[in-house]
Amino acid sequence: MQRTSLRKFRALLIAGLFATGIVSALGFTRPDDWTERILKALEKFTNNYPQEKVYLHFDRDYYSAGETMWYSAYITLNEQPAVGARNLYAELRDAKGAIVQKQLVVANEGGAAGEFTLPENMKPGLYQVRAYTAWMLNFDSAFLFYKNIQIMDPKTGKTGETPAAKDFSVQFFPEGGDLIHNVSSLVAFKAIDQNGYPMKVAGAVRDSKDKQVGLIETVHDGMGSFELKPEPGETYKAVIQSATGQQKTFELPAAKQKGAVLKVYNRGARVFYLAGFNGLDTSMNKMLLIAQMQNQVVYRANLNVEEGQVSGLIPAAELPSGILQLTLFDMQGRPLSERIVYLKQKNDLLDFMLDPNELNKEPRGRTELVLQVPDSMKGGRISVSVTDADQVAQDPYANNIISNTLLTSDIHGYVHNPYWYFENDSTSTLAALDLVMLTNGWRRFSWQEILQDKFPKLTYPYEQGINITGTARTAGGQLVTDGNVSFLIRIPIDSSSAFASAPVDGQGRFSLSNLLFSDTANIYFQGNMANKKWKDVDVKFDRHFFDIYTTVKTPVPLLPPPPMNNQVLKNYLATVNEGIGVNKMINNRPIMLKEVNINARKPTVAETTEKRYASGMFSGGDGYTFDLTEEPPTSFNVFQYLQSRVPGLQIGGDLSNPSLSWRGGAPGVYLDQMPVDVSMVASIPMADVALIKVFRPPFMGGMGGGNGAIAIWTRRGGDYKGDPNAKGMDLVKKGGYKIIKEFYSPDYAVKKAVHALPDKRLTLYWNASLRLDTTNQTTRFTFYNNDFTKNYRVVVEAMDQYGRVGRMVKTF
């Protein structure tokens with residue numbers, strides 16, 4: 001039986017806990033102004049600043065250059081599927097934080113599907129995926145989604161190197177927040193090396209007289225704890241030695257003369273708490289304890305130091321799994337001490353049954369699997385991946401939909417191997433999970449700030465489509481307040497078009513909201529004033545945050561997955577290398593281009609397009625030049641245009657992400673004289689291209705030019721020809737949603753010439769959103785084996801209509 005859903009859980013809070021004698025047993029009466037003010041501040045934050053989360057399920061944990069990273073996105077709002085969300089942003093960044101690829105993906109019913117296509121010449125090493133919505137950018141960036149990805153070179157076997165750790169650090173976290181004189185406290189610690197890895201350490205806590213007052217020894221993943229009762233006038237330090245023999249000394253946080261400390265004992269069905277005090281005057285005898293979960297108050301109690309009411313218990317058996325935050329307040333509403341605990345309930349996850357209807361492990365054999373799911377999945381989402389269990393290793397403790405939804409998406413700080421804490425309910429596992437609570441903060445909001453009516457500044461809107469905004473001014477710079485901006489929107493990818501008009505407000509602002517289009521739109525526009533000509537209006541568009549490429553230092557360390565078996569890695573890389581060659585032939589056999597002679601009148605230097613665009617090493621050179629400023633755009637993209645035009649240059653595969661070869665190697669690709677990825681150039685409409693230069697090998701204008709180079713320049717100002725149906729209107733380009741390619745899954749029941757090629761696939765099946773038969777709550781999916789796989793690993797992740805999650809890993 002499934003546990004109470006979040007929706008039912010909230011109803012329970014209203015009808016259940018507060019109706020019982022839980023708090024009245026502690027003498028809680030009708031709340032006065034200061035307690036009510038605390039509750040109202042939390043209510044205001046919850047109502048006005050709903051919490052959105054993103055999680056991505058990938059088909060694998062690591063990849064090689066030339067492969068495709070497939071993902072399914074799960075988006076929630078206040079712990080339930082965010083059915084109104086439309087825009088998902090995903091970025092692939094290198095180890096230095098520079099963007100390698102990024103995309104806007106359309107979301108629907110709380111989910112989205114996407115893929116990153118990795119070029120064959122991609123540098124091996126550690127990368128990180130960051131995913132988020134615009135709304136999430138209004139809050140702490142630590143709560144965005146992050147995933148570390150290792151990308152390898154299948155030809156050389158290089159995987160990227162992590163620098164050897166030469167130093168380490170230890171942080172200390174007193175329970176409740178502070179050390180207080182004469183109050184015994186639990187102090188947790190976390191030890192990490194310079195790369196962010198947890199590490200084992202041992203040592204002792206000593207006072208100013210060098211007397212040992214505590215022992216330090218790691219319990220799990222660099223974490224541990226010790227008890228300390230600070231004495232007035234004393235200072236404390238920790239003398240610690242790492243496993244490599246390096247010794248360092250760290251100062252412990254200074255103890256305060258007076259204050260309160262909240263001690264918590266998590267017993268699963270009950271959470272006990274005890275408040276310790278020192279040096280408080282009588283004005284602080286009365287206090288309030290509030291426990292909240294998912295921004296919902298689940299417990300509150302008055303504490304009275306004078307009457308000895310300084311402890312209590314919170315019944316937690318009916319609460320869902322997740323983080324419970326306890327905060328102790330004084331009568332002025334100031335938080336004195338805070339503690340988070342993790343409630344790990346049984347039967348709180350979705351259950352699945354996966355069985356084969358037909359299982360075939362012969363080369364190219366057909367397999368059909370049947371997945372049975374709970375009734376609550378009628379409005380949910382299911383994603384599934386099937387991979388070669390012998391050649392594709394899996395990190396069993398990596399972050400997944402369970403650990404991300406219930407743990408890591410709600411706390412500050414990096415958690416190493418987060419799914420390890422969900423493997424069992426042993427005493428040692430629960431104790432280690434409590435150390436995670438002690439060493440990682442919960443900071444969705446600050447009590448101090450919301451009690452002073454200081455709430456987050458909403459810079460980014462809750463997007464439900466693509467927005468075009470800006471300001472209209474007169475030629476003299478005055479704001480236009482009595483007009484509008486007219487639009488003609490053309491979508492080249494499907495030849496659709498639409499007209500729209502956006503009125504300006506009193507500040508000259510205009511907005512065209514909730515547009516839905518793929519690829520790139522040609523947006524023709526003109527500003528209009530009442531009873532005046534459009535040419536008197538200057539329209540300036542706002543630059544969207546996603547159009548800006550910035551290096552970001554993320555809060556999650558770039559750590560590679562655990563080392564895999566050398567033979568598994570060797571087999572994997574060899575298979576990928578062979579598979580890349582096969583994929584080229586599947587998409588489109590490479591074409592050997594015939595040599596053509598291009599003869600044209602040589603214009604004067606002042607007249608050439610090249611003179612206006614190319615500079616430095618890109619001017620002149622040995623090769624071919626194509627001026628497109630006077631040429632109608634008849635080709636799909638640059639690479640289709642170049643086919644049959646440059647002798648010796650081979651362009652094969654899918655034109656949306658082609659393979660390039662010249663003299664046995666891949667030529668460099670440059671856009672406006674900056675090195676770019678092939679897929680980026682492939683997506684540029686030909687109407688935007690002014691000039692193409694193809695340099696014979698070697699090209700000395702950039703790194704990797706030994707095999708020549710292809711340089712493309714986009715049109716500037718006067719080189720735009722415009723749309724003949726949009727005379728008198730200016731043009732701006734606007735990027736839309738990424739067009740997601742289809743996962744290649746051969747059907748060997750149908751004879752095709754392409755099936756004569758070897759089958760080297762390692763991801764045998766991928767579906768970002770399985771269709772469910774609601775009549776019997778099952779879904780079936782079929783795939784064909786490759787030429788060699790003997791065992792299948794199936795990974796299923798899902799979220800139901802109430803936000804509950806589940807995961808299954810099964811090997812056949």
Side-chain angles (χ1 to χ4, degrees), residues 1-28 79 175-176 186 188 219-220 225 262-276 288-303 309-328 337-351 374 376 402-403 405-408 410-411 418-438 440 442 802-806:
M1 179 181 295
Q2 297 296 332
R3 288 188 54 80
T4 309
S5 70
L6 181 59
R7 184 175 298 169
K8 294 179 180 178
F9 158 62
R10 288 176 175 167
L12 175 66
L13 301 184
I14 300 173
L17 290 180
F18 288 113
T20 68
I22 296 171
V23 291
S24 60
L26 291 175
F28 195 93
E79 311 301 330
E175 183 177 18
L186 182 70
V219 174
H220 178 75
S225 65
L262 191 60
K263 294 181 69 68
V264 177
Y265 305 90
N266 185 3
R267 297 295 182 262
R270 294 182 176 184
V271 177
F272 296 86
Y273 63 87
L274 171 66
L288 176 71
L289 181 88
I290 286 182
Q292 62 93 6
M293 198 172 196
Q294 299 167 12
N295 294 346
Q296 302 291 320
V297 175
V298 299
Y299 177 90
R300 60 179 179 179
N302 271 356
L303 301 184
Q309 294 176 346
V310 295
S311 63
L313 64 89
I314 302 172
E318 294 301 321
L319 296 176
S321 294
I323 294 174
L324 178 72
Q325 180 193 31
L326 289 76
T327 309
L328 185 65
S337 185
E338 190 169 84
R339 172 78 145 89
I340 59 174
V341 297
Y342 192 87
L343 302 181
K344 190 178 182 183
Q345 309 290 23
K346 295 181 179 180
N347 305 319
D348 219 6
L349 302 173
L350 298 173
D351 293 325
S376 60
I402 294 175
S403 57
T405 302
L406 300 179
L407 177 62
T408 59
D410 276 327
I411 57 176
Y419 192 60
W420 180 88
Y421 301 97
F422 294 87
E423 285 284 81
N424 58 65
D425 295 325
S426 67
T427 301
S428 59
T429 299
L430 296 176
L433 182 55
D434 198 50
L435 287 174
V436 174
M437 297 294 98
L438 288 162
N440 293 267
W442 187 99
Y802 303 118
R804 290 180 303 191
V805 296

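Keep in mind it's a predicted model, so treat the numbers as computed, not measured. Sequential numbering from 1 along the given sequence is applied to the chain's residues.
Distance check: Gln292 CD to Leu324 CG gives 8.0 Å after rounding to the nearest 0.5 Å. One distance of note links CG of Asn440 with OG1 of Thr408; it measures 10.0 Å at 0.5 Å rounding. Here the OH atom belonging to Tyr421 is positioned 14.5 Å from the CG atom belonging to Asp425, to the nearest 0.5 angstrom. The CD1 atom of Ile402 sits 8.5 Å away from the CG atom of Leu350 when rounded to the nearest 0.5 Å. Interatomic distance, Met437 CE to Ile323 CD1, rounded to the nearest 0.5 Å: 4.5 Å.
Using a 4.5 Å cut-off on side-chain heavy atoms (C-beta onward), Phe422 and Leu406 make contact. Here the side chains of Thr429 and Glu423 are not in contact, with every heavy-atom distance at 4.5 Å or above. Using a 4.5 Å cut-off on side-chain heavy atoms (C-beta onward), Val436 and Pro418 make no contact. At a threshold of 4.5 Å between non-hydrogen side-chain atoms, the residues Ser428 and His220 do not count as touching. Leu343 places a side-chain heavy atom less than 4.5 Å from the side chain of Met293.
Thr427 meets the side chain to side chain contact (heavy atoms under 4.5 Å, CB included) test with no other residue; sequence neighbours excluded. Every salt bridge (charged side-chain N to carboxylate O under 4.0 Å, His left out) that Lys263 has, sequence neighbours left out, goes to Glu175, Glu227. For Phe272, the side chain to side chain contact (heavy atoms under 4.5 Å, CB included) test picks out Tyr265, Arg267, Arg270, Leu313, with sequence neighbours left out. For Asp434, the side chain to side chain donor-acceptor pair (under 3.5 Å) partners at least two apart in sequence or on another chain are Arg339. The side chain to side chain donor-acceptor pair (under 3.5 Å) search around Thr327 returns Glu338, Trp447, not counting sequence neighbours.
Shortest non-hydrogen contact noted between Tyr273 and Ala301 is OH-CB, 3.8 Å. A pairwise comparison of heavy atoms in Leu328 and Leu303 identifies CD1-CD1, 3.5 Å as the closest pair. Gln345 approaches Ala316 most closely through the heavy-atom pair NE2-O, 2.7 Å. Taking both residues in full, the closest heavy atoms of Ser225 and Leu435 are given as CB-CD2, 4.0 Å, listed atom of the first, atom of the second, then distance. Closest non-hydrogen pair, Leu326 versus Val341, comes out as CD1-CG2, 4.2 Å. When all heavy atoms of Ser337 and Leu262 are compared, the closest pair comes out as OG-N, 3.0 Å.
In this structure, Asp348 contributes its side chain and Ser321 its backbone to a donor-acceptor pair below 3.5 Å.
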### Query
What do the steps show when you test Gln325 against Asn295 for side chain to side chain contact (heavy atoms under 4.5 Å, CB included), and what is the final call?
CA-CA 9 Å; Gln325 180 193 31; Asn295 294 346; over 6 Å; no
For a side chain to side chain contact (heavy atoms under 4.5 Å, CB included) check, start with the C-alpha distance between Leu430 and Tyr342, then their side-chain angles and the critical distance, and finish with the verdict. CA-CA 9 Å; Leu430 296 176; Tyr342 192 87; over 6 Å; no
